[in-house]
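Input: a single structure, listed below in structure tokens.
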Amino acid sequence: MNTLRNAARLALGLTLTASTLAVAVPALAQSPARSAPQAVPLPHSVPDAVDTPYAGTITLDIDASDTVRAAYRVTETIPVAPGTKDLILQLPQWIPGHHSPGGTMDQLVGVQFFANGKLLTWHRDPVEVFAFHVDVPDGTQAVVAKFINTSPLQPSEGRVTVTPDMLNLQWDRMSLYPAGHYVRQIKVKPTVKFPTGWGVASALDGKTQTGDTVSWAPVEYDTLVDSPVFAGLNFKRFDLGKDVALDVVADRPENLNVKPENVGAYKALVDEAFLAYGAHHFDHYDILLALSDKLGGIGLEHHRSSENSMQPKALTDWKELDWARNVIPHEISHSWDGKFRRSARLWTPDYRQPMQDNLLWVYEGQNQFWGLILAARSGVQTKESVLGQFASYAGGFTYEAGREWRSVEDTTHDPIIANRRPKPFATMDRNEDYYTEGALVWVEADQIIREGTGGKKGLDDFAKVFFGINNGDWGEVPYEFEDVVKALNTVYPHDWASFLHTRFQTPGQPVPLTGIEKGGYKLVWKEEPNPYEKGRIGMAKGSVSLSYSLGVGIDKEGKVTSTVWGSPAFNAGLVTGAKIIGINGRSYDADDMKAAVTAAKTDNQPITLVVQRGDLVQTIAIDYHGGLRYPWLEKTVKGEAGLDLLLAPRRPGAK
């Protein structure tokens, strides 16, 4: 009986449910219809580049004398072919060496175009916004473009390129080029007016000067963009031999009083680079250097020059600033690695086509390796400082959680994805690790070759095979993954394809210590910073670097600037942007912070911090007892180890 009753109730319930649904459906059908638009096709009104010459030589005149307003005033005359109706002029967007779209269209103001003295109409391409479409009247032989590049006056606006005492002129920021042609097929004659009395340096040829105005010979547009200018009131040129010069501008004249032995280290750098690569790919080379804390920092490679900046006293306070002098060894090495030999996907016919960064672990990783090796071999940096840099790279990877999910090769896309913006948890996200992990993996490759050949060969031999071809050729020879593997096998047969795939293209790899260990060293931890870390920390006066221990970086005001994912600080809730106002019952002080970390190692008490984050003030206890920790490389063998041999000079008679 009960069973029948329950069955009846269930049947009734089902009937009611069905009835309810039957009523609801018409109600839904009566609701307003949803509009469903179709996509408007994207117009493709900017032509792809073809390898044909442009119609005539462009003249580019720049007035760079206004250092107060940092405004470059540009007049550019562009010849046009008969019958041209729509002249498309572009500002470079994808600049070689930036690894991301880095054009500064936002700095161009007052843009106008003229023909025969009459103002022309124009519109910006709605899709490719770095392109201007200029309406050209019948019979026009040339269009004159006039505009101003408003260079940043303060770092919050972008990189500062003009100060009262110096400037860094980059042609891609203040010149337009016609669409539809390979940039090597466009000729430009550049002229610049500089402030009175300034020295001027560039790798451009055919320099002539009248008063404050400097002109150079007509040149292909890709070579122009690849040949920036440094100019300044305090200027000095040093001959380094082998057609290489060091052109220095400085905030203060006394910073140019460089001792001969310090200049000698850069002469040795040139010698060591030639020995490592076995050839060269420039007719002359200019190391452009700004000794400044006012001009925006830079390290950018070019084929026959490089843009570099260092601390104002980097060449005079030689010992104290040893840690900070790697930029020039790195950038000059790029003439071979990155400019002459370049990943095929990074070579583009113009500055409109996007670049593909996948093989930056060769371009930048190998070059990070060579920058350090050449610095040690030449004496631009001490061996101890270079070992400290390798230690810091390796030490940092011991706590990088992002290694589990992201490969080194995937970090090559970081310049595009992140554009070097600050990250809340960089150790989980990863940064551009293809530089530093790349360097450590190439150390391992060197040691594999060295071990397999009984010390007869190393990565120097790969450099000669891969980068040292076509002596004197300063064009470009692109490569693919398979070309790298082939060159390595030429030096020493090994399963290099699997090696590179595992190390660079596969996430979840061990900390890259194998090369260091094969080279006769090991990563150890000490309570004092290594020489490189000591210099770097000292430069950030008042800051505290506890990344390797507590898992946090703190600025001089007590503000947290970084937190390591999964560290004791992270687990306690201490995050970027928080401000530490108290330590163990006392107000915040950098020395007290380090002392508290040291004391917790023995007293077994948590470190108690009072932290302010916005309007919230709270007490945080961090249960950490490992003391201060900084990475070092410690030798594990007697006599010369493999890493010692790698860092040793190659110049005859050098020690």
Side-chain angles (χ1 to χ4, degrees), residues 155 297 311 323-324 388-389 391-403 411 414 418 420-433 435-437 511 523 525-584 587-601 606-614 618 620-632:
Q311 293 296 317
W323 68 276
Q389 285 178 261
S392 294
Y393 299 165
F397 291 129
T398 62
Y399 59 68
E400 191 177 63
R403 298 173 56 78
T411 72
D414 222 50
R420 297 185 174 174
R421 291 185 295 269
K423 299 179 178 183
F425 297 107
T427 52
M428 185 51 154
D429 194 339
R430 302 199 77 172
N431 277 313
E432 296 177 35
D433 292 346
Y435 280 94
T436 52
E437 185 158 354
V511 177
L523 178 67
W525 300 92
K526 299 183 181 182
E527 293 185 350
E528 294 295 326
N530 67 52
Y532 169 71
E533 289 277 349
K534 183 178 180 181
R536 193 165 62 92
I537 294 169
M539 184 55 59
K541 294 179 173 62
S543 67
V544 181
S545 177
L546 302 173
S547 296
Y548 305 107
S549 52
L550 213 58
V552 69
I554 308 166
D555 72 11
K556 62 181 180 181
E557 304 298 331
K559 191 174 182 179
V560 176
T561 56
S562 63
T563 304
V564 174
W565 189 277
S567 67
F570 174 92
N571 293 335
L574 189 60
V575 296
T576 303
K579 184 175 182 179
I580 303 171
I581 57 179
I583 313 164
N584 292 343
S587 61
Y588 177 80
D589 176 82
D591 290 336
D592 286 347
M593 186 74 218
K594 289 184 287 185
V597 174
T598 300
K601 186 176 181 180
I607 301 166
T608 303
L609 305 177
V610 179
V611 177
Q612 182 176 7
R613 189 179 178 198
Q618 61 184 137
I620 292 177
I622 304 180
D623 195 19
Y624 171 75
H625 307 285
L628 296 173
R629 297 174 81 242
Y630 298 97
W632 290 70

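Quick note: residue numbers are just sequence positions, from 1. No hydrogens, no waters, no symmetry mates; every other heavy atom, side chains included, goes into these values.
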Side-chain contact test, heavy atoms from C-beta onward, threshold under 4.5 Å: evaluate it for [X] versus [Y] and give yes or no.
| X | Y | answer |
| --- | --- | --- |
| W632 | P531 | yes |
| R536 | M539 | no |
| K423 | M428 | no |
| V552 | M593 | no |
| V575 | V560 | no |

Shortest non-hydrogen contact from [X] to [Y]?
| X | Y | answer |
| --- | --- | --- |
| P631 | G395 | CB-CA, 4.1 Å |
| S562 | S547 | OG-OG, 4.3 Å |
| R629 | G626 | CG-O, 4.0 Å |
| A590 | V544 | CB-CG2, 3.5 Å |
| I607 | A600 | CG1-CB, 3.8 Å |
| D589 | D591 | OD2-N, 3.0 Å |

Exercise. Any chance you could lay out the side-chain contact (heavy atoms from CB on, under 4.5 Å) test for L523 and F397, step after step, and finish with the verdict?
Key: CA-CA 11 Å; L523 178 67; F397 291 129; over 6 Å; no

Roughly how far, to the nearest 0.5 Å, is [atom2] of [Y] from [atom1] of [X]?
| X | Y | atom1 | atom2 | result |
| --- | --- | --- | --- | --- |
| I580 | L574 | CD1 | CG | 5.0 Å |
| K594 | I583 | NZ | CD1 | 11.0 Å |
| L546 | L628 | CG | CG | 6.5 Å |
| D429 | E400 | CG | CD | 9.5 Å |
| Y630 | K534 | OH | NZ | 12.0 Å |
| I537 | N530 | CD1 | CG | 8.5 Å |

Short side-chain to backbone donor-acceptor contact, [X] and [Y], under 3.5 Å:
| X | Y | result |
| --- | --- | --- |
| D623 | P606 | no |
| T398 | A394 | no |
| Q612 | G614 | yes |
| S543 | G553 | no |

Quiz item: CZ of R613: more than 12 outside heavy atoms within 6.0 angstrom?
Solution: no

Quiz prompt | Heavy atoms of other groups near K559 NZ, more than 12 under 6.0 Å | solution = no

Practice problem: Can you spot which of V610, V611, L609 makes a side-chain contact (heavy atoms from CB on, under 4.5 Å) with I581? | Solution: V610

Quiz item: Thinking salt bridges, do E527 and K601 make one under a 4.0 Å N-O criterion?
Solution: yes

Practice problem: Return the orientation label for the F570 and W565 ring planes: parallel under 30°, perpendicular over 60°, tilted otherwise. | Solution: tilted

Quiz item: Who are the salt bridge (charged side-chain N to carboxylate O under 4.0 Å, His left out) partners of E557, not counting sequence neighbours?
Solution: none

Practice problem: Mind checking salt bridge (charged side-chain N to carboxylate O under 4.0 Å, His left out) for E437 and listing every partner two or more places apart, or none if nothing turns up? | Solution: R403, R430

Quiz item: Which ring-ring contact (aromatic ring centres under 6.0 Å, His included) pairs, counting each pair once, include a residue from residues 528-557, with sequence neighbours left out?
Solution: Y399-Y548, W525-Y548

